There are 2 protein chains.
Amino acid sequence: MTNSLSITLDRTSPVPLYFQVAQQIEAMIDAGTLPAGHRLDNEIQLADQMGLSRPTMRQAIQHLVDKGLLVRKRGVGTQVVHSMVKRSVELSSLYDDLALASKRPTTTVLNMARVPAEDDVAVALRVPPGTEVVHLQRLRCAQGEPLAIMHNWLPDGLTDLTVERLEQRGLYEMLRAAAVHMRVANQRIGARAATLAEAKLLHERRGAPLLTMSRTTYDDNGRAVEYGSHVYRATLYTFEIALVER
Amino acid sequence: MTNSLSITLDRTSPVPLYFQVAQQIEAMIDAGTLPAGHRLDNEIQLADQMGLSRPTMRQAIQHLVDKGLLVRKRGVGTQVVHSMVKRSVELSSLYDDLALASKRPTTTVLNMARVPAEDDVAVALRVPPGTEVVHLQRLRCAQGEPLAIMHNWLPDGLTDLTVERLEQRGLYEMLRAAAVHMRVANQRIGARAATLAEAKLLHERRGAPLLTMSRTTYDDNGRAVEYGSHVYRATLYTFEIALVER
DNA sequence: GACATCAGAATGTCCTGACAAAGTCTTGAC
DNA sequence: GTCAAGACTTTGTCAGGACATTCTGATGTC
């Protein structure tokens, strides 16, 4: 039961020790080496086994608790969560998600232009109405089938967008490459019926149910760096969210 | 700029010190005493001001960073997040959410029975197919308008459900009162068209877009304690989610 | 046999101390 | 005037220790 974890630490690495530990434990959970319900040794023993202090070991465990992979109970111990919880929705883009799931995502840029901000966009980006912003409209496909229509608005001058790179990399990767540090986002998920134009693009019938998601993303200065308003084919896409009570 | 926070600590209280600090800072942010963008003193000064150690002060700040209220940058400092981010989706029920928003929620129990678990329910609750489980069907209204049809399945013997209390309190409050410690949940949000029966109950037309949410909730032993499959009127309900990059 | 009490085990909280890394700003050289 | 190097500030990481709180299980009593 109290399996001594085989974890190797590299103290010369710039990667924090607690993170090295967390990553390797996560890998073992994914691989099934640590099955659901498995009880870990107590923090002090674990720390001793790896030659770490208890706070560092705690930090590693806490990281995985926050991720929803482990559960701690005072007086009892730490257990691997008994569920195949999907990774929680993270600050990632649809492109990243699809690429990870190896769904062969492709993107077509339908529109890219500088436009004056409409009221809703201006509110979301916290700029005066009418300010010039960059507007993007893209069609995202997975495995050849159209999946989503994506509208994005960005403050002007944030980064140089090119059609080629957008189609090859996705918006979020471009922003990250431009040293934009996205920190918090506010998502709203809803549903509505497809308009005729949307239906044509998505190979659906008019009135077909679509999943809608609008999101405003802020960087670490609190500046809004992106506002997106997307629709997804409900038959092909769902959002998965893991919730952890702390 | 570097405003000395007026925070009172009660060291005799069972409430952890870091939590007392976090709560009071949060209250000041909500009240506007700490406006968006305000820079806090550095951790060491704050800790000194309150007579705390730096780790405790850090824990308080970290708590608020996780909640998306503060942002830290190494070499720079800690700032109040510059956005009116809604509180993130938490392990709460629709009833709680509505009650909080004072939307006068009402519930009608349409069905309550012990039934053998169908395959999908059995998988979600991790019981053998055919096991007796409690099934609930409820209609949730807000301000007199029908809002959602909710199907729930619970393992048998978890708690004594009564129609009256379900209609007055909501399922989650009953579970909490029965000492069920809900810890993690797995949500899936999608959309589909309303069936005829659903349309009638919800005062919508057949084929109208509905928001769907299915959720499995686990307690701190990893046992599945509830599986729910709900549909919401897309015109009346959306999910709000706040994401914080750590 | 059922229930209360107590010891043990594990995490939760809090402390002090130290060094590393990253960002900002000033200083200085060219 | 511009750019780079270095000082300074601030958070990030890590160590080791102490006591509190909570849960489990065993012990003992009625």
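Note that the coordinates shown come from a computational prediction; the quantities given were computed from them, not determined experimentally. Throughout, protein chains are lettered first and strands after them, A, B, ... in sequence-line order, and every chain is numbered starting at 1.
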Strictly by modelled atom types, are Gln79(B) and Arg39(B) linked by a side-chain donor-acceptor pair under 3.5 Å? no
For the residue pair His135(B) and His151(B), does the interplanar ring angle fall in the parallel (under 30°), tilted (30 to 60°) or perpendicular (over 60°) class? parallel
Side-chain donor-acceptor pair present, Tyr218(A), Arg126(A), cut-off under 3.5 Å: yes
Nearest whole angstrom, please: distance from the P of dT10(D) to the CG of Leu46(B). 11 Å
Side chain to side chain donor-acceptor pair (under 3.5 Å) partners of Arg114(A), counting only residues at least two apart: Glu132(A), Asp156(A)
Extract from the structure each pairing of a protein N or O with an N or O of nucleotides 18-20 of chain D at less than 3.5 Å, listing the distance.
from: dA18(D); atom 1: N6; to: Arg54(A); atom 2: NH1; distance (Å): 3.3

Can you check the Asp48(B) CG to dC15(C) P distance for me, whole Å? 12 Å
Establish, with yes or no, whether the OP1 or OP2 oxygen of dT10(D) is under 4.0 angstrom from a side-chain nitrogen or oxygen of Arg72(B). no
Residues two or more places apart in sequence or in another chain: which of them pass side-chain contact (heavy atoms from CB on, under 4.5 Å) with Gln59(B)? Tyr18(B)
What nucleotide, of dT11(D), dA15(D), dC14(C), holds the atom closest to the side chain of Glu43(B)? dT11(D)
Closer than 4.0 Å, any side-chain N/O of Arg11(B) to the OP1 or OP2 of dC15(C)? yes
Of the listed nucleotides dA15(D), dG12(D), dT13(C), the one nearest the side chain of Leu17(A): dA15(D)
Rounding to a whole Å, what distance do you find between Met57(A):CE and dT13(D):P? 16 Å
Could I get the full list of side chain to side chain donor-acceptor pair (under 3.5 Å) partners for Thr8(B), not counting sequence neighbours? none
Please tell me which of the listed nucleotides, dT11(D), dC14(C), dC14(D), lies nearest to the side chain of Tyr18(A)? dC14(D)
Between Ile44(A) (CD1) and dG17(D) (P), how many Å, whole number? 11 Å
I want to check one thing: is the phosphate of dT13(D), taken as OP1 and OP2, less than 4.0 Å away from some side-chain N or O of Thr56(A)? no
Sorted by position of nearest nucleotide on DNA chain C, 5' first, the leading residue of Ile61(A) and Pro55(A) is Ile61(A)
Pair Tyr172(A), Thr217(A): side-chain N/O donor-acceptor within cut-off below 3.5 Å: yes
Rounded to the nearest angstrom, tell me the gap between atom CG in Leu70(A) and atom P in dT11(C). 11 Å
Among side-chain atoms of Arg140(A) and Thr107(A), is any donor-acceptor pair under 3.5 angstrom? yes
Go through the structure and list residues passing side-chain contact (heavy atoms from CB on, under 4.5 Å) with Arg74(B), not counting sequence neighbours. none
Base versus backbone protein contacts along nucleotides 3-9 of chain C [heavy-atom cut-off under 4.0 Å; B, S, -]: ------B
If we count only N and O atoms by modelled type, under 3.5 Å, do the side chains of Asp10(A) and Gln20(A) hold a donor and an acceptor together? no
Taking atom C1' of dG23(C) as reference, at what distance in whole Å does atom CZ of Arg39(B) sit? 12 Å
Compare side-chain N and O positions of Thr78(A) against OP1 and OP2 of dT11(C) and report whether any pair is under 4.0 Å apart. yes
Rounded to whole angstroms, how far apart are NE2 on His63(B) and C1' on dT13(C)? 14 Å
Once you round it to whole Å, what is the distance between C1' of dT21(D) and NZ of Lys73(A)? 16 Å
Picking from dT11(C), dC15(C), dG12(D), the nucleotide nearest the side-chain atoms of Ser53(B) would be dC15(C)
